[in-house]
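Nothing here was measured: the structure is a model prediction, and the numbers come from that model. In what follows, chains are A, B, ... by sequence order, proteins preceding strands, each numbered from 1. What's counted below: heavy atoms across the whole structure, side chains too, no hydrogens, waters or symmetry copies.
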There are 2 protein chains.
Amino acid sequence: MSEINKKLGRPRSVESHQSILQATLALLAEIGFDAMIIEAIAARAGVGKTTIYRRYVSKEELVADAIENMREEVVIPNTGNLWGDIDALVENAAQITLSPLGRQTVAMIISSASSNSQFAQIYWAKYLQPRRQAFAIVLERAKARNEIQPEIDPDLVFDMMSGVMLYTLIFPPTTDSWEVHVRRCLNLVLQSAAV
Amino acid sequence: MSEINKKLGRPRSVESHQSILQATLALLAEIGFDAMIIEAIAARAGVGKTTIYRRYVSKEELVADAIENMREEVVIPNTGNLWGDIDALVENAAQITLSPLGRQTVAMIISSASSNSQFAQIYWAKYLQPRRQAFAIVLERAKARNEIQPEIDPDLVFDMMSGVMLYTLIFPPTTDSWEVHVRRCLNLVLQSAAV
DNA sequence: AATTTACGAAACGGTATCGTATCGAAATAC
DNA sequence: GTATTTCGATACGATACCGTTTCGTAAATT
């Protein structure tokens with residue numbers, strides 16, 4: 001069986017493939033989806049254009065694959081109290097959301113949402129779902145410790161806080177630091193049920 | 001004095017000017033900032049390219065002017081109770097934020113935020129500030145009626161709810177309708193201080 | 001060693017768009 | 001009636017980028 005899997009001819013280069021994906025994300029962060037051109041991606045990756053066109057039919061397909069391949073391990077913090085856990089989650093979210101890549105990815109998703117929803121779907125599946133689940137676990141633990149009321153809906157809180165962070169991409173808080181602002185929002189959302 | 005203001009030669013056409021701005025917004029809504037080309041704007045407006053280039057140096061300048069000229073009167077509702085007022089505000093926000101123009105405007109603002117912040121500034125000044133102020137008035141009235149606690153920060157609530165609505169552009173609520181979702185978020189944010 | 005497939009630089013035909021120039025006609029002031 | 005400025009259709013030179021083709025070289029299998 002393994003003999004059948006052996007391919008005649010020169011094998012595809014894994015290094016080239018990885019370089020292409022990394023170059024794609026780098027340029028997406030720097031100049032955004034529309035401004036990226038295949039030739040620039042190739043140059044950044046140190047490959048030929050034909051090497052890219054052998055793998056992908058279009059820029060859209062390439063970018064979708066690059067996002068899909070973003071490897072981001074979600075660590076579920078367990079500091080023993082709600083705010084310790086949430087601080088860790090927020091810190092992680094800040095590093096990603098507020099980055100140039102995060103910004104341009106979001107812009108791309110919004111702009112293309114009506115014509116091409118795959119970017120939103122991948123972002124949801126690869127980035128948001130795991131964090132949503134981690135967040136829910138943190139809130140369930142907090143409930144068990146009686147730090148918040150049992151009827152708090154973790155998914156709703158997560159979606160609201162995601163919206164809050166998204167908003168700060170465009171309009172950064174003016175009177176507080178980003179961290180203080182996010183904490184005040186969390187307070188407002190969670191304190192409604194605080195014992 | 002008025003004689004000095006009289007210009008020799010053919011006056012600029014106000015109709016052409018308005019057509020250009022309207023065509024700009026229409027195409028922005030339909031295809032987004034980057035995909036718009038001057039020739040298409042001219043065709044949609046029914047003017048010549050030279051007519052546009054006489055007024056604007058670049059597409060960016062044109063789009064900034066078009067956004068600046070969006071005339072959107074903010075009506076401050078006064079139904080006598082908090083939820084009546086808020087329903088009216090949310091309804092108005094929905095019509096704008098969830099529109100194709102709203103979506104592409106937001107995408108453009110996010111994508112260009114680091115290189116060209118004028119779009120965000122104009123959006124803030126022309127769209128958000130008036131609504132923020134209207135929202136603050138509505139919440140102050142609610143405080144006077146003892147419908148919410150006095151320490152609620154109207155600006156913080158507004159910013160959070162703006163974030164919530166922005167988020168729904170990418171990830172529409174799945175289990176509830178948009179209106180129900182927004183109401184639940186408002187409940188969470190305001191109910192924390194309900195008497 | 002022969003064959004097969006991939007790689008990458010370079011060239012290419014084709015299309016798209018920018019921004020300006022031209023020019024006859026129009027709309028004003030004098 | 002003359003002068004001035006704008007309008008808009010058209011053309012233009014220039015640049016940008018796409019996606020494919022060519023071809024010598026490399027990396028594998030047979």
For this session: State whether B/Arg10 places a side-chain N or O below 4.0 Å from either non-bridging phosphate oxygen (OP1 or OP2) of D/dC7.
Result: no
Problem set entry | Length of the CZ-P vector between A/Arg55 and D/dT20, whole Å | 16 Å
Exercise. In residues 34-50 of chain B, what residues come within less than 4.0 Å of DNA chain C, judged by heavy atoms?
Worked result: B/Ile37, B/Ile38, B/Glu39, B/Lys49, B/Thr50
Exercise. Checking side-chain contact (heavy atoms from CB on, under 4.5 Å) against A/Arg132, which of A/Val74, A/Asp159, A/Val157 comes through?
Worked result: A/Asp159
Exercise. What is the distance from CD of A/Glu61 to C1' of D/dC18, rounded to the nearest Å?
Worked result: 16 Å
Exercise. Is the CD atom of A/Glu39 crowded by more than 12 outside heavy atoms at less than 6.0 Å?
Worked result: no
For this session: To the nearest Å, give me how far apart OH (A/Tyr56) and P (D/dT20) are.
Result: 16 Å
Exercise. What integer distance in Å separates B/Arg12:CZ from C/dA29:C1'?
Worked result: 17 Å
Problem set entry | Whole-Å distance separating the CD atom of A/Glu15 from the P atom of C/dA6 | 16 Å
For this session: Check whether any side-chain N or O of A/Asp34 sits under 3.5 Å from a backbone N or O of B/Asp34 as a donor-acceptor pair, and report yes or no.
Result: no
Problem set entry | Atom-pair distance (CD1 on B/Ile52; P on C/dT17), nearest Å | 14 Å
For this session: Would you please confirm or rule out a distance under 4.0 Å between OP1 or OP2 of D/dG8 and any side-chain N or O of B/Thr51?
Result: yes
Exercise. Taking A/Lys143 for the side chain and A/Gln149 for the main chain, is one N or O donor matched with an acceptor at less than 3.5 Å?
Worked result: no
Exercise. Under 30°, 30 to 60°, or over 60°: which ring-plane class applies to B/Phe171 and B/Tyr167, parallel, tilted or perpendicular?
Worked result: tilted
Give the table of side-chain donor-acceptor pairs shorter than 3.5 Å for residues 23-32 of chain A, with sequence neighbours excluded, one pair per line with atom names and distance.
residue	atom	partner	partner atom	Å
A/Thr24	OG1	A/Ile20	O	2.7
A/Glu30	OE1	A/Arg44	NH2	2.9
A/Glu30	OE2	A/Arg44	NH1	3.0
A/Glu30	OE2	A/Arg44	NH2	3.4

Exercise. What is the distance, rounded to the nearest whole Å, between atom CD of B/Glu60 and atom P of C/dC18?
Worked result: 10 Å
Exercise. Is A/Arg131 positioned over the aromatic face of A/Tyr127, cation under 6.0 angstrom from the ring centre and no more than 45 degrees off axis?
Worked result: yes
Problem set entry | Value in whole Å for how far the P atom of D/dC18 lies from OH of A/Tyr53 | 5 Å
Seminar exercise, completed: Comparing B/Val57 with B/Gly9, nearest DNA chain C nucleotide closer to 5' gives the residue B/Val57
